[in-house]
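Not measured: the values here are computed from a predicted model.
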Amino acid sequence: QVQLVESGGGLVQVGGSLRLSCVASGSISNIVAMGWHRQAPGKQRELVGIITSSGQKMYVDSVKGRFTISRDGANNRILLQMGSLKPEDTAVYYCNTRLRSGDNVWGRGTQVTVSS
(Lines give C-alpha, C1' and ligand atoms only; values in the text may rest on other atoms or scores of the structure.)
Protein backbone atom coordinates (compact mmCIF):
# COMPACT_ATOMS: atom_id res chain seq x y z
CA GLN A 1 0.00 0.00 0.00
CA VAL A 2 0.98 3.64 -0.58
CA GLN A 3 0.18 6.66 1.59
CA LEU A 4 0.54 10.34 0.58
CA VAL A 5 0.96 13.48 2.72
CA GLU A 6 0.82 17.03 1.30
CA SER A 7 2.17 20.21 2.88
CA GLY A 8 3.03 23.81 2.00
CA GLY A 9 -0.38 25.40 1.47
CA GLY A 10 -1.32 28.78 2.87
CA LEU A 11 -2.43 32.34 2.16
CA VAL A 12 -0.58 34.35 -0.49
CA GLN A 13 -1.18 37.65 -2.31
CA VAL A 14 -1.87 37.92 -6.03
CA GLY A 15 1.39 37.52 -7.95
CA GLY A 16 3.08 35.65 -5.12
CA SER A 17 4.58 32.15 -4.95
CA LEU A 18 4.13 28.94 -2.96
CA ARG A 19 5.80 25.54 -3.00
CA LEU A 20 3.80 22.40 -2.24
CA SER A 21 5.36 19.10 -1.20
CA CYS A 22 4.04 15.53 -1.38
CA VAL A 23 5.74 12.60 0.37
CA ALA A 24 4.84 8.99 -0.49
CA SER A 25 5.44 6.05 1.83
CA GLY A 26 4.82 2.31 1.71
CA SER A 27 5.18 0.26 -1.49
CA ILE A 28 6.62 3.10 -3.55
CA SER A 29 8.09 0.68 -6.13
CA ASN A 30 4.52 0.24 -7.42
CA ILE A 31 4.21 3.94 -8.37
CA VAL A 32 4.15 4.69 -12.11
CA ALA A 33 3.18 8.38 -11.92
CA MET A 34 2.60 11.13 -9.35
CA GLY A 35 0.88 14.47 -9.70
CA TRP A 36 -1.35 17.22 -8.41
CA HIS A 37 -5.07 17.96 -8.74
CA ARG A 38 -7.08 20.83 -7.27
CA GLN A 39 -10.70 21.42 -6.31
CA ALA A 40 -12.51 24.67 -5.50
CA PRO A 41 -15.79 24.67 -3.51
CA GLY A 42 -18.70 23.61 -5.71
CA LYS A 43 -16.36 22.66 -8.57
CA GLN A 44 -15.12 19.36 -9.95
CA ARG A 45 -11.59 18.23 -9.21
CA GLU A 46 -9.21 19.04 -12.08
CA LEU A 47 -5.74 17.90 -13.10
CA VAL A 48 -2.92 20.42 -12.51
CA GLY A 49 0.17 18.44 -13.53
CA ILE A 50 1.79 15.00 -13.44
CA ILE A 51 5.27 13.47 -13.60
CA THR A 52 5.83 9.83 -14.62
CA SER A 53 8.41 7.40 -13.25
CA SER A 54 10.43 8.00 -16.45
CA GLY A 55 10.47 11.78 -15.87
CA GLN A 56 7.86 12.91 -18.39
CA LYS A 57 5.83 15.96 -17.32
CA MET A 58 2.55 17.52 -18.40
CA TYR A 59 0.40 20.44 -17.20
CA VAL A 60 -3.07 21.84 -17.67
CA ASP A 61 -3.00 24.85 -20.01
CA SER A 62 -4.05 27.34 -17.32
CA VAL A 63 -0.84 26.80 -15.28
CA LYS A 64 1.75 26.35 -18.05
CA GLY A 65 4.63 28.79 -17.59
CA ARG A 66 3.63 29.48 -13.96
CA PHE A 67 3.77 26.07 -12.21
CA THR A 68 6.59 23.51 -12.22
CA ILE A 69 6.40 19.91 -10.98
CA SER A 70 9.63 18.16 -9.97
CA ARG A 71 11.17 15.39 -7.90
CA ASP A 72 13.14 16.31 -4.78
CA GLY A 73 15.97 13.77 -4.65
CA ALA A 74 14.35 10.41 -3.89
CA ASN A 75 11.47 9.10 -5.99
CA ASN A 76 9.08 9.32 -3.03
CA ARG A 77 8.84 13.14 -2.87
CA ILE A 78 7.54 15.59 -5.47
CA LEU A 79 7.20 19.37 -5.42
CA LEU A 80 4.83 21.82 -7.08
CA GLN A 81 6.41 25.27 -7.43
CA MET A 82 3.64 27.81 -8.05
CA GLY A 83 4.36 31.37 -9.21
CA SER A 84 2.42 34.40 -10.50
CA LEU A 85 -0.56 33.18 -8.49
CA LYS A 86 -4.06 34.35 -9.39
CA PRO A 87 -7.32 34.35 -7.38
CA GLU A 88 -8.62 31.55 -9.61
CA ASP A 89 -5.79 29.33 -8.32
CA THR A 90 -7.54 29.24 -4.92
CA ALA A 91 -8.43 25.60 -4.19
CA VAL A 92 -7.59 22.53 -2.14
CA TYR A 93 -4.60 20.90 -3.80
CA TYR A 94 -4.39 17.08 -3.69
CA CYS A 95 -1.38 14.88 -4.36
CA ASN A 96 -2.13 11.62 -6.13
CA THR A 97 -0.30 8.59 -7.48
CA ARG A 98 -1.15 5.88 -10.00
CA LEU A 99 0.00 2.35 -9.18
CA ARG A 100 1.01 -0.50 -11.50
CA SER A 101 -2.32 -2.14 -10.66
CA GLY A 102 -4.17 0.86 -12.14
CA ASP A 103 -5.40 2.01 -8.72
CA ASN A 104 -5.12 5.64 -7.62
CA VAL A 105 -4.17 6.87 -4.14
CA TRP A 106 -5.00 10.37 -2.86
CA GLY A 107 -3.66 12.58 -0.10
CA ARG A 108 -5.99 14.56 2.16
CA GLY A 109 -5.21 17.90 0.50
CA THR A 110 -3.70 21.27 1.42
CA GLN A 111 -5.51 24.63 1.10
CA VAL A 112 -4.11 27.37 -1.15
CA THR A 113 -5.78 30.79 -0.93
CA VAL A 114 -4.78 33.69 -3.18
CA SER A 115 -6.00 37.07 -1.94
CA SER A 116 -6.99 40.02 -4.12
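- Using a 4.5 Å heavy-atom cutoff, the side chains of Ser101 and Asn30 are not in contact.
- Looking at heavy atoms from C-beta onward, Arg38 lies out of side-chain contact with Leu80 at the 4.5 angstrom threshold.
- For Met34 against Cys22, the heavy-atom pair with the smallest separation is CE-SG, 4.0 Å.
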Determine, step by step, whether Val14 and Val114 satisfy the side-chain contact (heavy atoms from CB on, under 4.5 Å) criterion, reporting the C-alpha distance in whole Å, the side-chain angles of both residues, the deciding distance to 0.1 Å, and the verdict. CA-CA 6 Å; Val14 171; Val114 184; 4.0 Å; yes
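- Between Leu99 and Ile31, the closest side-chain pair of non-hydrogen atoms falls below 4.5 Å.
- Here CZ of Arg98 is found 12.5 Å from OG of Ser53. Values are rounded to the nearest 0.5 Å.
- Note that the CD atom of Gln3 and the SG atom of Cys95 stand 12.5 Å from one another [nearest 0.5 Å].
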Is there a side-chain contact (heavy atoms from CB on, under 4.5 Å) between Ile78 and Trp36? Walk through the geometry before answering. CA-CA 10 Å; Ile78 61 168; Trp36 294 91; 3.6 Å; yes
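- For Pro87 against Ser116, the heavy-atom pair with the smallest separation is CG-CB, 3.8 Å.
- Leu79 and Val92 are members of different hydrophobic clusters when ILVMFWY side chains are connected at heavy-atom separations under 4.5 Å.
- Closest approach of Gln81 and Leu18 over heavy atoms only: NE2-O, 3.6 Å.
- For the pair Ala24 and Val2, the tightest heavy-atom approach, listed with the atom from each and the gap, is CB-CG1, 4.3 Å.
- Cluster membership check: Val23 does not share its hydrophobic cluster with Leu4, using side-chain heavy-atom separations under 4.5 Å among Ile, Leu, Val, Met, Phe, Trp and Tyr.
- A donor-acceptor pair under 3.5 Å is formed between the side chain of Thr97 and the backbone N or O of Ala33.
- Shortest non-hydrogen contact noted between Val12 and Leu85 is CG1-CD1, 3.5 Å.
- Around CD of Glu88, the count of heavy atoms belonging to other residues, nucleotides or ligands within 6.0 Å exceeds 12.
- At a threshold of 4.0 Å, the pair Lys64-Asp61 counts as salt-bridged, since one of the basic side-chain nitrogens sits closer than that to a carboxylate oxygen.
- Side-chain heavy atoms closer than 4.5 Å link hydrophobic residues (I, L, V, M, F, W, Y) into clusters, and following such links, possibly through other members, connects Val63 to Tyr93.
- At a threshold of 4.0 Å, the pair Arg108-Glu6 does not count as salt-bridged, since none of the basic side-chain nitrogens sits closer than that to a carboxylate oxygen.
- Heavy atoms only, all atoms of each residue included: Leu11 and Ser115 are closest at CD1-CB, 4.2 Å.
- Relative orientation of the His37 and Trp106 rings is perpendicular, given thresholds of 30° and 60° on the angle between their planes.
- Put simply, CD1 on Ile51 and CD on Gln56 are 10.0 Å apart, with the number rounded to the nearest 0.5 Å.
- A heavy-atom distance below 4.5 Å is not found between the side chains of Ser7 and Val5.
- A heavy-atom distance below 4.5 Å is not found between the side chains of Met82 and Asp89.
- Side-chain atoms of Tyr59 come within 3.5 Å of backbone atoms of Ile69 as a donor-acceptor pair (strictly under, hydrogens ignored).
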